Amino acid sequence: MNSVRLFVVCLCAGVLLATARSAHAQEPIADLIFTNGKIITVDDRFAIAEAVAIKGERIIAVGKNQDIAKLSGATTRKIDLRGSAVIPGLIDNHAHFIRAAEHWHQEMRLDGVTSRKQVLKMLADRVRGAHPGDWIVTLGGWSEEQFSDEPRGFPLEELDRIAPANPVVLQAVYNHSYLNTAALKAGKIDQNTPNPLGGRIEKDASGKPTGVIRDAGGVAFVAAKVPLPDRQRWTENTRKLVADLNATGLTTWLDAGGRGMSAEHYESYTYLADLGQLNARVFWTTIRQPANREQVDRVLAEIPQQKPFQGNDYFDNVGWGESLYAPVTTQLLRAESNTKPEDMEQMRRLALALAERGLYVNSHVEMAAAIDAFLKEYEAINKERPIKGLRWSFSHLDQIDEAQLERMKKLGMSAQVHSRPLIQGALMHKVHGDKAWDMPPFRRVQDSGIPWGLGSDATAVTTANPFYTLGFAVTGKMVGGVKVNRQTITREEALIAHTRSNATFVFREGDLGSLQKGKYADLLVLDGDYLTVPADSIKDLKPVMTIVGGRIVYDAKKL
Ligand SMILES: [Zn+2]
């Protein structure tokens, strides 16, 4: 009897042991585990965890150290965070980085540089490292007002002294460019050159170009003079640009294309994505900028052939934007609205065709009058072909009011709002007066309850660093420290708007934007705690490690 009982006990224990073992066998072994951290998950409850486990491309668990430790095996790489903060990889909902790759090897970026003296030193260093004739350019991303020591531009004589043998172009915002004599010569710009469309070549009393070329058309005219790289260089530029962005904390962005975009601009990204070597997730919208009825007719013939979502989670087209019809595209530094009825009619033809095709559309809209004009057309289109399920969005919305936000909500629309006053804030106050304090109205948009996200609009009209955008939304201070915006939001609201909310703009909310089981392992280990550093220091936060799809794509070797 005893032996029978013992046998039964043994049998039960055996079953229990086997059950325990099979349960354990079903638990996956992580490839990479981060422990002892402050994991800011940005999930729906904004939960904070200690550890995260990654297998392959995805997160398999987030939680307490001891629970995550159970997923560790012989092959698991373990990284002790020693208290470091971790946040989801940052997603920019509006950037022009595909275009930015073309000249990246020639660009001397001034993102965040607050001293004019420092710029001159940077230029002298660049010249020393360059061959005679090499171009040195800065295609936007800065303004004179960000220099705290001497807020002014760069006269031709000064540039000539530092760079006698290299063409130099320093483009401020998308507003004007400073050239040296070598650049004027290389660009064949002299006293006989007529003003380009929408631009002005500044000339002295004797008719000689001063080196300053003004307005959007002038800036584009100058940028087009800079020689394009060959295919190999372009691909290397793309790798370098993505690496630079990874180092600032960007892992995903929605690319709005831009002026002068061609198939070549997309080639290097497609090439790297196909090789599995694109270290960021790049989603993009098709851009055409017809400027008259005939050009609209041609685009209308193209729309029924559009097929978004044929790519993968590293490179994919998601729809159409940001400028539908060129004549109604507004500019932030011009107060007047240019939404003439006959032009809005062309815009409506395009928008209706895009709705009929069922495509996502993002439109660039800034001032109050333009927002009204677009909403009126969209409301009419919605009666003909409902757009509510298509996630249409407006980008920028610098002057949106409560009533307009309500109208957007009724149409199922969402809002992309940007940190452009970081470098344009002082200029915006000159153009728009006191209204500029509320441009863009982050607080109003947040409180309206509309789905919305943060982005930059980099690289020409603002800096690319996402921590500058987060810092701006929280402090309202431009690069250099001057306060220009009073519609600030909390740092938690800003982080949600730069991560989880932006995942919806790229149609990947199930995969991106928060640190949760099942989502892609896109995350940043930071050199400071985003939730507790002084607000003015948010802009200075840097990743010490950036992970995209479980791969370490940037490592400052500080862990
Ligand atoms: Zn825009």
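For ligands, and for the atoms within them, numbers begin at 1 and follow the listed sequence. Only a predicted model underlies this, so the values are computations on that prediction, with no experimental measurement involved.
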Ring-face cation contact, Tyr360 with Arg391, 6.0 Å cut, 45° max: no
Criterion ring pair (Phe, Tyr, Trp, His ring centres under 6.0 Å) on His265 and Trp234, from CA distance to verdict: CA-CA 9 Å; His265 285 86; Trp234 203 318; 5.0 Å; yes
What side-chain donor-acceptor pairs closer than 3.5 Å can you find for residues 347-355, not counting sequence neighbours?
from   : atom 1 : to     : atom 2 : distance (Å)
Arg348 : NE     : Glu377 : OE1    : 2.4
Arg348 : NH2    : Glu377 : OE1    : 3.2
Arg349 : NH1    : Asp297 : OD1    : 3.3
Arg349 : NH1    : Gln346 : OE1    : 2.8
Arg349 : NH2    : Asp297 : OD1    : 2.5

Residue-atom pairs from the protein, N, O or S only, that lie under 2.8 Å from the Zn ion (ligand 1): Glu322 OE1, His364 ND1, His396 NE2
All pairs passing salt bridge (charged side-chain N to carboxylate O under 4.0 Å, His left out) where residues 485-497 contributes a residue, at least two apart: Asp438-Arg486, Arg443-Glu493
Pairs touching residues 457-468 that satisfy salt bridge (charged side-chain N to carboxylate O under 4.0 Å, His left out), sequence neighbours left out: Arg420-Asp457
Side-chain donor-acceptor pair present, Asn502, Asn93, cut-off under 3.5 Å: yes
